Number of protein chains: 2
Amino acid sequence: MSSSPALAEVARLAGVSVATASRVLSGRGPASAASRDAVRRAAADLGYVPHPVASRLARGVGTRLLFAVRDRRADVLSDPFVTRATAAMAAATEPAGLGVSLRHLPLNAAAELDRIAADRSIAAVVMAGHDSLDGIPARLRGRFAAIGADGLDVDSTGGIGALLRHLHAGGRRRIALVGGPSWLAAARAPLAAYTALMSAAGLPSRVVAGDFTAARGRAAARTVLRRWPDTDAIATVSDATAVGVLQTLTEAGIRVPHDIAVTGFDDIPVAAWTHPALSTATHPVELIAAAAAAAALGTAPRIRRFPSLPVLRASA
Amino acid sequence: MSSSPALAEVARLAGVSVATASRVLSGRGPASAASRDAVRRAAADLGYVPHPVASRLARGVGTRLLFAVRDRRADVLSDPFVTRATAAMAAATEPAGLGVSLRHLPLNAAAELDRIAADRSIAAVVMAGHDSLDGIPARLRGRFAAIGADGLDVDSTGGIGALLRHLHAGGRRRIALVGGPSWLAAARAPLAAYTALMSAAGLPSRVVAGDFTAARGRAAARTVLRRWPDTDAIATVSDATAVGVLQTLTEAGIRVPHDIAVTGFDDIPVAAWTHPALSTATHPVELIAAAAAAAALGTAPRIRRFPSLPVLRASA
DNA sequence: CTGTTAGCGCTTTCAA
DNA sequence: TTGAAAGCGCTAACAG
């Protein structure tokens with residue numbers, strides 16, 4: 001009484017076998033219009049709610065989507081991008097009866113990837129911070145997607161390019177870049193865009209490595225000021241990094257954007273609230289996450305590239 | 001070959017029945033030291049990885065934890081508190097083979113709660129924004145927890161109290177409060193703390209309703225300035241709201257904290273980056289979320305109260 | 001303490 | 001197009 005009716009009850013009421021009921025309700029396999037109707041009606045009358053767990057066990061496909069974030073630090077799991085993406089996937093996969101699991105992976109995690117591939121409760125894996133897709137276990141083939149690689153990414157070249165051109169148009173000529181971590185292949189694209197644009201404009205390249213954190217941004221800003229004191233703009237590939245840069249500059253009595261312009265990347269909520277408000281590039285993180293989940297689960301085309309559009313506020 | 005061995009293989013290699021192997025590996029039920037060893041060894045030799053889905057189907061317990069957020073607006077799912085809590089639960093439940101699903105519930109959602117209770121893939125439900133726990137379907141009994149009610153909450157009375165006392169000690173005497181939404185029972189505690197403290201100090205109460213968003217904070221600040229122009233402090237129950245207040249005050253040329261002090265609540269990352277940096281109360285959101293998940297899943301005591309400690313920065 | 005026997009609820013050959 | 005039957009991998013009485 002208290003638990004909802006099983007497929008068998010629906011089949012009985014509809015006067016068909018469970019096999020037929022299953023075909024109708026799951027939509028795979030043939031079914032006559034007559035039995036289709038009967039089953040649908042019976043299911044509705046009984047208030048039938050399917051049991052995704054039983055279904056997925058029978059099909060051998062796992063009940064959760066794993067979001068595996070590769071990073072040097074374990075606390076990357078509280079990074080705003082990660083939490084937003086996790087929540088977006090948890091909302092996107094909810095209707096399918098799936099859940100999302102979140103896990104940190106160190107830079108070298110071949111063994112853990114093997115364990116993941118062996119875990120039959122995992123339907124698919126979405127990865128972030130991964131680059132060489134060669135190390136992926138064969139058993140994961142066809143059921144993973146990698147954000148920032150694998151054709152599923154933001155047009156960072158375009159976004160950084162637009163920001164740099166904006167700085168140039170504003171008269172900035174000594175533009176430094178705080179890039180991404182060197183171990184991350186996805187960090188190469190913005191860097192390449194920067195060096196290409198700088199050399200095309202006949203300007204010097206001034207690059208410091210970052211890691212998407214505010215702390216690293218503060219350190220990077222100090223490095224820039226020390227090595228190239230005449231810098232008049234600092235571009236970054238992360239809003240958190242840009243916030244760190246802003247803090248260091250402000251503490252040093254440097255006016256932003258008057259003395260040095262600063263740009264971020266991602267447009268996280270905080271970007272609108274810094275002082276001065278951050279000029280950055282906006283990315284549809286929720287859409288990207290949902291697309292990654294769909295791609296990993298095989299319910300959507302794998303290749304998608306998302307726009308990176310500049311949003312100009314006060315800092316540049 | 002490619003898929004990992006099942007329990008039957010382990011049992012065979014260990015020379016016991018699957019039942020015994022199950023008892024040993026799942027830890028429920030008796031087992032002699034001898035068979036314990038044999039099974040453990042066999043499992044290790046074979047590289048056995050348990051199949052949580054099969055296990056949970058057999059036990060009839062569902063494979064995902066649903067985080068149901070009640071709010072007037074559907075985009076509450078991208079609220080920083082929600083995304084942080086979701087990610088924390090997704091990380092906390094990962095080792096158990098569970099996933100997290102995220103879902104928005106409108107204020108009046110009795111029917112949806114019934115559907116949720118009927119969904120056998122849902123192991124347990126963690127709710128936020130719910131207050132009257134009376135409307136909870138009986139089938140959910142014993143497998144849900146409510147953040148902000150149900151004894152699982154932050155000591156908001158203590159946190160708000162500490163901030164108000166700090167304002168008072170700093171000489172503020174005309175303190176306004178931007179509270180929580182009136183439909184939320186959990187918003188009553190901070191409000192009660194405020195009115196109690198104000199009347200005890202012989203000060204007037206100045207309350208405006210908020211809703212945890214920055215937009216509402218901006219509007220609330222305008223209301224305060226209009227109704228009580230001599231206000232010298234604005235306390236809030238949300239950092240986002242406080243940011244909105246800060247924006248309005250700054251735009252109006254009012255100096256913070258010189259003319260009006262401002263306090264937030266929650267200590268989200270942005271609190272440290274506003275201008276001036278926000279004095280607020282810090283809450284262990286990740287711990288709270290993990291505790292809620294554990295409570296809902298029945299793996300921990302239900303009643304827990306978390307500290308709300310003031311963190312004083314520049315805004316008050 | 002252990003093995004046997006039924007399932008959990010759904011899917012999927014295979015014959016008809 | 002349909003039904004019977006055999007699982008998916010594990011758990012839980014129930015005897016012994």
Side-chain angles (χ1 to χ4, degrees), chain A residues 1-40 42-43 46-64 96-98 118-123, chain B residues 1-40 42-43 46-64 96-98 118-123:
Chain A
M1 286 295 86
S2 79
S3 90
S4 35
L7 191 54
E9 312 237 334
V10 176
R12 194 174 314 141
L13 181 60
V16 301
S17 70
V18 287
T20 298
S22 171
R23 289 185 198 110
V24 171
L25 262 18
S26 70
R28 49 190 137 231
S32 68
S35 43
R36 221 190 304 275
D37 284 358
V39 171
R40 294 247 172 76
L46 258 34
Y48 171 71
V49 179
H51 195 329
V53 179
S55 163
R56 304 189 82 90
L57 172 63
R59 284 180 296 153
V61 287
T63 56
R64 55 180 179 148
L98 291 172
D119 184 334
R120 283 103 99 234
S121 74
I122 295 175
Chain B
M1 286 296 86
S2 80
S3 91
S4 33
L7 191 55
E9 311 238 334
V10 176
R12 193 174 314 138
L13 180 60
V16 301
S17 70
V18 285
T20 298
S22 171
R23 289 185 198 109
V24 171
L25 261 18
S26 69
R28 48 190 137 232
S32 68
S35 43
R36 221 191 304 275
D37 284 357
V39 171
R40 294 248 172 77
L46 257 36
Y48 171 72
V49 178
H51 194 327
V53 180
S55 163
R56 302 190 82 90
L57 173 63
R59 284 181 295 152
V61 287
T63 56
R64 56 181 177 147
L98 290 172
D119 185 334
R120 281 102 99 235
S121 74
I122 294 176

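Keep in mind the model is a prediction, meaning the values are calculated, not measured.
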> Which atom names give the shortest non-hydrogen contact between B/Ala11 and B/Ala21, and what distance separates them?
Replying inline: CB-CB, 4.0 Å
> Looking at DNA chain D, which of residues 11-21 of chain B put a heavy atom within less than 4.0 Å of it?
Replying inline: B/Ala19
> So which one's nearest nucleotide on DNA chain C is more toward 5', B/Gly60 or B/Pro30?
Replying inline: B/Pro30
> How would you list, by chain and number, every residue that makes a side chain to side chain donor-acceptor pair (under 3.5 Å) with A/Ser32, sequence neighbours excluded?
Replying inline: A/Ser35
> Taking only residues two or more places apart in sequence, or in another chain, which ones meet A/Ala14 in a side-chain contact (heavy atoms from CB on, under 4.5 Å)?
Replying inline: A/Val16, A/Ala38, A/Val39, A/Ala42
>> With a 4.0 Å limit, can you tell me whether B/Ser32 has a side-chain N or O closer than that to the phosphate oxygens OP1/OP2 of C/dT2?
In response: yes
>> So if I take the C1' atoms of five pairs at each end of the helix from C/dC1-D/dG16 to C/dA16-D/dT1 and get each local axis, what angle do the two axes make, rounded to 10 degrees?
In response: 30°
> Looking at DNA chain C, which of residues 46-57 of chain B put a heavy atom within less than 4.0 Å of it?
Replying inline: B/Leu57
> In a check of side chain to side chain contact (heavy atoms under 4.5 Å, CB included) between A/Val53 and each of B/Val61, B/Ile122, B/Leu57, which one passes?
Replying inline: B/Leu57
> Rounded to whole angstroms, how far apart are CZ on A/Arg59 and C1' on C/dT13?
Replying inline: 16 Å
> In whole angstrom, what separates B/Asp119's CG from C/dC10's P?
Replying inline: 11 Å
> Nearest-Å distance, CG (A/Asp37) to C1' (D/dT1)?
Replying inline: 15 Å
> So which heavy atom on A/Leu7 is nearest to which on A/Tyr48, and how close?
Replying inline: N-CE1, 3.7 Å
>> Filter on salt bridge (Lys or Arg N to Asp or Glu O under 4.0 Å), then keep only pairs touching residues 50-64 of chain A, sequence neighbours left out; what's left?
In response: A/Arg64-A/Asp119, A/Arg64-B/Glu94
> Can you tell me how far P of C/dT2 sits from CZ of B/Arg28, to the nearest Å?
Replying inline: 18 Å
> Closest approach of B/Ser4 and B/Val49, non-hydrogen atoms and distance?
Replying inline: OG-CB, 4.5 Å
> Which atom pair, heavy atoms only, marks the closest approach of A/Gly47 to A/Pro5?
Replying inline: O-CD, 4.3 Å
> Do A/Thr63 and A/Pro52 come within less than 4.5 Å of each other through their side chains, counting heavy atoms only?
Replying inline: no
> D/dA4, D/dA12, C/dT2: which one has an atom nearest the side-chain heavy atoms of A/Arg23?
Replying inline: D/dA4
> Does a side-chain N or O from A/Ser35 land closer than 4.0 Å to OP1 or OP2 of D/dT1, or not?
Replying inline: no
> When you measure from the side chain of A/Arg23 to the backbone N and O of A/Ala31, does any donor-acceptor pair fall under 3.5 Å?
Replying inline: no
